[in-house]
Structures are given as C-alpha cells and as structure tokens.
Q: 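Just passing along the structure, written as structure tokens.
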Amino acid sequence: MRPRPAPPHPLWLRPVAAAGERGLQVWSATAGVGRLSWQILRRLLPPRMDARELLRNLYTVGVKSFPIILVTALFVGAIMVIQAGLYVQQYGAEGLLGWGAGFATLREVSPLLIALMFNGRVGAKNTAELGTMKVTEQIDALRALAIDPIDYLVMPRFIAMVFMMSLLVVVGDATALIGGAFTSQLLLGVDMRIFFQSLIDYVALEDFTLGVYKAATFGVAIGITSCHFGLAVSGGAVGVGKAVNNAVVAGAISIFLLNYLVTYLIP
Amino acid sequence: MNDATHAAGAPAPPCLSCHAITKRFQGQRVLDQVGFTLAHGQMLGLIGPGGAGKSLLLKILCGLVRPDAGQVRLEGQDLTRASETQWQQQRQSIGMVFQNYALFDFMNVADNIALPLRMLGVAEGEVQERVDDILAKVSLRGVQEKMPNELSGGMKKRVSFARAVVRRPPILLYDDPTAGLDPVTSAKIWELLRDMQRQGTTAITVSHDLGGIRHLCDQWLLLDRGRIVFSGDSEALFASHDPFVLDFWSREHSHAT
C-alpha cells in the first residue's frame, strides 16, 4: 500500500521549509563533492586512468577550447588597455601602460574570465555528457562490465581539465598581452615597444605564476563539480538540465571562492 | 518465505542464488522476500507484469543496486555485504544486456564491444579478432565504424548482446532482450540466446515474449508487485491452475499474437 503524502505545510512555515530543503540540497551537493574529491585523490597516486580516454579528453577539453579562449583573451587584453588608457592619458604615464594592463590581466582578469568561459563551455558539456550517460544506464553498463566509472570517466576528465585550464591560461595570457599591445598602438597611440618594455620592467614572474596557480585550482574545481553533478543526475532529461545549471553555478561560485583564497594566501 | 526449490536431480551446486531479497523505494516495497536458486547451465525465466520488479532484481544480482534485506550468492560466495571493489571483481563473471541497450554513444560499435577486452589488458590484435568474430555471430559484419545513433533498434540490441558476451562470462543476465523488436529480429536474438545455452552459460532472462523463451527456460519465476506468485520448472508452470498464472499467461500470449 502506498504511504499517504505528507499534508502541506501551513503558509507561514513554507518559506522556512523551502529554505530548509534548499539547505539540505546544498549540504548533499557539498558532501557529494567532498566524497568525489576523496575518490579522485586516492586515484592520483599512483595514477589510475585509461590512457585513451585521457588523450580523447585532452583533445575535446583543451584543443577544441582554444578558439573561444583566444577570442576571449584577445578582448580581455584590449579592454584592460582601454580601461588603463584613461589614466595613462590623464597623467601622461605611457611608460606604465603595459604594467597597468598586464598586472591585472595576468593576476586576475585573464584566469578568472577564461575559467568562467571554460566552466560554461567545458564544465557544462561534461555534466551534460555524464548526466546523459547516467539516465541512459551507460554508467550502470560500465559497472556491469567490471569497469570503475571513476577510473574510466572521471579521472581522465579531471586531469585533462586541470592541465588544459592551466595551459589555456598561459596561452590566454600571451594572447591578451598581444591584444593589449595592438590596442595600445592602434587606439591610444602608444607604441607596442613601449607597452612591452613596461611589462618587462614592472611585471614580475610571480604575477604570471599566480595566474597559473589560480588556473590549476579553477581546473580542479570545474573538474570536480561538473563530474559530481553529472554522476548524481536523476529524473531523465529534466534532471540533466537541472544538473547542468547547478554545475555551472557551483563551478562559478567555486571559482570566485578559490580566487579569493589563492589571492589572500599567496602574496 | 517464497524461494524456488532446486531443480530435482540437479547435481551441480548453485551457480547463482538469492534469498529473501527485499527492496524499498520511498517507503514502498518494490521487492518482497524474493529468492531462487539456479544451477550451472540453467536458464531462469523472470516474468511478470510491468513494474513487478524484474529489472530491479537483475540489477541487484549484478550488484548495481543494494537490497535492503536478503542475500545474493554467486558460486556459493555471499556478496550481500561485498564492497564495490569486490563486486567489480565478481562482475568479470557476469554479462548483462540492458533493456535500453546502454551503448556508449561516444564510441563506435567496435570500440563499444572492444572496451571490456581492452580493460582486461587483452592484446589489441586479439581484441580486433574477437570483435570481428562476435559481430559475425550476431550478423553485424561491416558496422564496426558506425556510431550507436546510426543503428536501428535491432542492431543496437545485437551490439549490446555482443558486448555482454565478448568476455565469455559464465553468467548472463538479459533484461527484455527483444523489447521493441520485430518478430524476425526477435527470432535472431532468441537464436543467439539458444547458442549461449548450448555453450553451458547460466542465464536469467526477463521477457514479455513468452513464446520466444518458452522452450529456453528451465526454471521460472513469476513476480507481481514485487512478490513471487509462481516459482518452479517449466512442467509445473504449464500445469499450474493458479488463476494469476493462467491469466498472465493467456494475456501475454494473446498480446503477442
């Protein structure tokens, strides 16, 4: 006999019940992300993954993301120069244009915007792919074939995302600076050589490496959140849609939190 | 208790058995005290109306779902409390054909079938040979490069079957292997199952095609709303005067014809 459904809450209690339900969902997701993080950590030393899947994911996650990341980075560099250009022209400090635009680009803007673009493109696709596999029993089929889904699906994606996120930010930084240099030449009349000299004189290697550390941590966050939400899908196509939405939001929040932490902890 | 009895005169110890399997979802019992014993080389026909818990029972027998109560034994080993790692080792002996194919849609047909062999570390040359061999057996020569979305339902079912048997597991679980297929393709699938039986595999098949499995099964388990209504061999099934059994059999037969 089916159990009777619970009676609806009184009107005054409904916001509390809704908040409580949302809190439980956040707690459940946090616990799930924690559990998956531990499972990934256990498989890193020694590394347990399928080499073919790793190569396939390096291509789909990284190589295919290059065009959009290059476009993003080009405009990031250009916008930073335009923004810095206001003050450069006001104070006649053309020699500081490269530093002004480059410092913020390398440390903050480039890794952050590339990570958000990566999260929206690669993270969402990953969640949708794993979620669809879940609802069509492909994950169960892997387990029935005595193949661990974490080893086969999650680890290659995670490693590919961390590695490619870092590489994309390196390439993105270079592209952003080139975009900035062209913008400084064409729009502000500041010679590219002055722009690059300012970068060399005033921007430290640590400014660049901080951005790469951030990129790696963002890759970890995007990898774990997108895989968790994909594997936790239930409820068919609607569930996949919800999972993609949740994964993108959770990934973005993780990126902002980690950005704050890394910036605070690494001087 | 509702267990099926061991087939009379069966000399081998049970290959696969379960005892008092119970499973609840959202407070409702979807499987209630289900059990059976299956000897080596036998086939169990798992039948019943939709929602009776047949597919769920197959998943429990493969360790994909944990029961709330009861025992699952494979070759006498109790796997009820086994970890996922232990189950993963045991699943080397089990092949499963899913009702909705569950083909990996990011791989072509050859890679779908080759995957379990590659994960076992089989040499690539032998992998290719076995894939070609099994595709020939299921009458699907020449489709190695096709992606699952390019296949018809019957072709998908045969690829799913090929993937399940390519490792030559001693136990096979078929979840409605002819669902949604035309009679000609269904007959091909039943012929494949018959071949596997001749090779001595132990199998459980869920099916609504009673005409197709009638002459294949040694044991039968009829479920209704998670409970066993009938358990026994073919002779007992066809001689049964239980109203539910008679009603179910006549409905399924008239639906098929």
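Sequence lines set the chain letters: A, B, ... in the order given, protein chains first and strands last, and positions in each chain run from 1.
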Q: Would B/Lys157 count as a cation-pi partner of B/Phe161, with NZ or CZ less than 6.0 Å from the six-membered ring centre and within 45° of the ring normal?
A: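 No.
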
Q: Output the distance between atom CD1 (B/Ile204) and atom CG (B/Leu173), rounded to the nearest 0.5 Å.
A: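 CG of B/Leu173 is found 5.5 Å from CD1 of B/Ile204.
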
Q: Taking only heavy atoms into account, what residues of residues 79-101 of chain B are found under 4.5 Å from chain A?
A: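 Residues of residues 79-101 of chain B touching chain A at under 4.5 Å: B/Glu84, B/Gln88, B/Arg91, B/Gln92, B/Ile94, B/Met96, B/Phe98, B/Asn100.
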
Q: Taking non-hydrogen atoms and a cut-off under 4.5 angstrom, which of residues 216-239 of chain A neighbour chain B?
A: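 Heavy-atom contacts from residues 216-239 of chain A to chain B are absent.
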
Q: Does the side-chain contact (heavy atoms from CB on, under 4.5 Å) test come out yes or no for A/Thr175 and A/Ile69, once each step is laid out?
A: CA-CA 9 Å; A/Thr175 309; A/Ile69 297 301; over 6 Å; no

Q: Are A/Ile253 and A/Phe256 close enough that some pair of their side-chain heavy atoms sits under 4.5 Å apart?
A: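 The answer is no, as the side chains (C-beta and beyond) never meet within the 4.5 Å cut-off.
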
Q: Given a strict heavy-atom distance threshold of 4.5 Å, which part of B/Leu120 is in contact with chain A: side chain, backbone, both, or neither?
A: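 Nothing of B/Leu120, per the 4.5 Å heavy-atom cut-off to chain A.
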
Q: Would you call the rings of B/Phe244 and B/Phe248 parallel, tilted or perpendicular, where under 30° means parallel and over 60° means perpendicular?
A: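 Aromatic pair B/Phe244/B/Phe248 classed parallel.
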
Q: When rounded to the nearest 0.5 angstrom, what distance separates CD1 in A/Ile178 from CG in A/Asp173?
A: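 Reported to 0.5 Å precision, the distance equals 11.0 Å.
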
Q: Before accepting this row, confirm whether a basic side-chain N of the pair A/Asp140/A/Arg143 lies closer than 4.0 Å to the acidic partner's carboxylate O.
A: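 Yes.
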
Q: Side-chain contact test, heavy atoms from C-beta onward, threshold under 4.5 Å: evaluate it for B/Val109 versus B/Gln144 and give yes or no.
A: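 In short, these two side chains do not touch, never coming nearer than 4.5 Å.
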
Q: Does any part of the side chain of A/Arg121, heavy atoms only, come nearer than 4.5 Å to the side chain of A/Ser65, both counted from C-beta?
A: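 Yes; the side chains approach each other to less than 4.5 Å.
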
Q: For B/Arg118, is it the side chain, the backbone, both or neither that has a heavy atom under 4.5 Å from a heavy atom of chain A?
A: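 Side chain of B/Arg118 only, per the 4.5 Å heavy-atom cut-off to chain A.
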
Q: Using the rule given for side chain to side chain donor-acceptor pair (under 3.5 Å), can you reason through B/Gln199 versus B/Thr201, listing the C-alpha separation, both sets of side-chain angles and the distance that settles it, and then say yes or no?
A: CA-CA 6 Å; B/Gln199 289 172 41; B/Thr201 54; over 6 Å; no

Q: Any donor and acceptor pair, going by atom type alone, linking the side chain of A/Ser37 with main-chain N or O of A/Val33 inside 3.5 Å?
A: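 Yes, the answer is positive, given that a donor and an acceptor are paired below the 3.5 Å cut-off.
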
Q: Identify which part of B/Asp111 has an atom lying under 4.5 Å from any heavy atom of chain A, answering side chain, backbone, both or neither.
A: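 Contact with chain A is through the side chain of B/Asp111 alone.
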
Q: Side chain from CB out, backbone as N, CA, C, O: work out which of these in A/Asp50 comes under 4.5 Å of a heavy atom of chain B, or both, or neither.
A: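 Just the side chain, heavy atoms under 4.5 Å.
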
Q: So what's closer than 4.5 Å to chain A heavy atoms on B/Arg163: side chain, backbone, both or neither?
A: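 Both parts, backbone and side chain.
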
Q: Checking A/Leu142 against chain B: side chain, backbone, both or neither under 4.5 Å from a heavy atom?
A: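 Contact with chain B is through both the backbone and side chain of A/Leu142.
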
Q: To the closest 0.5 Å, what do you measure between CD1 (B/Ile171) and SG (B/Cys15)?
A: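 Answer rounded to 0.5 Å: 3.5 Å.
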
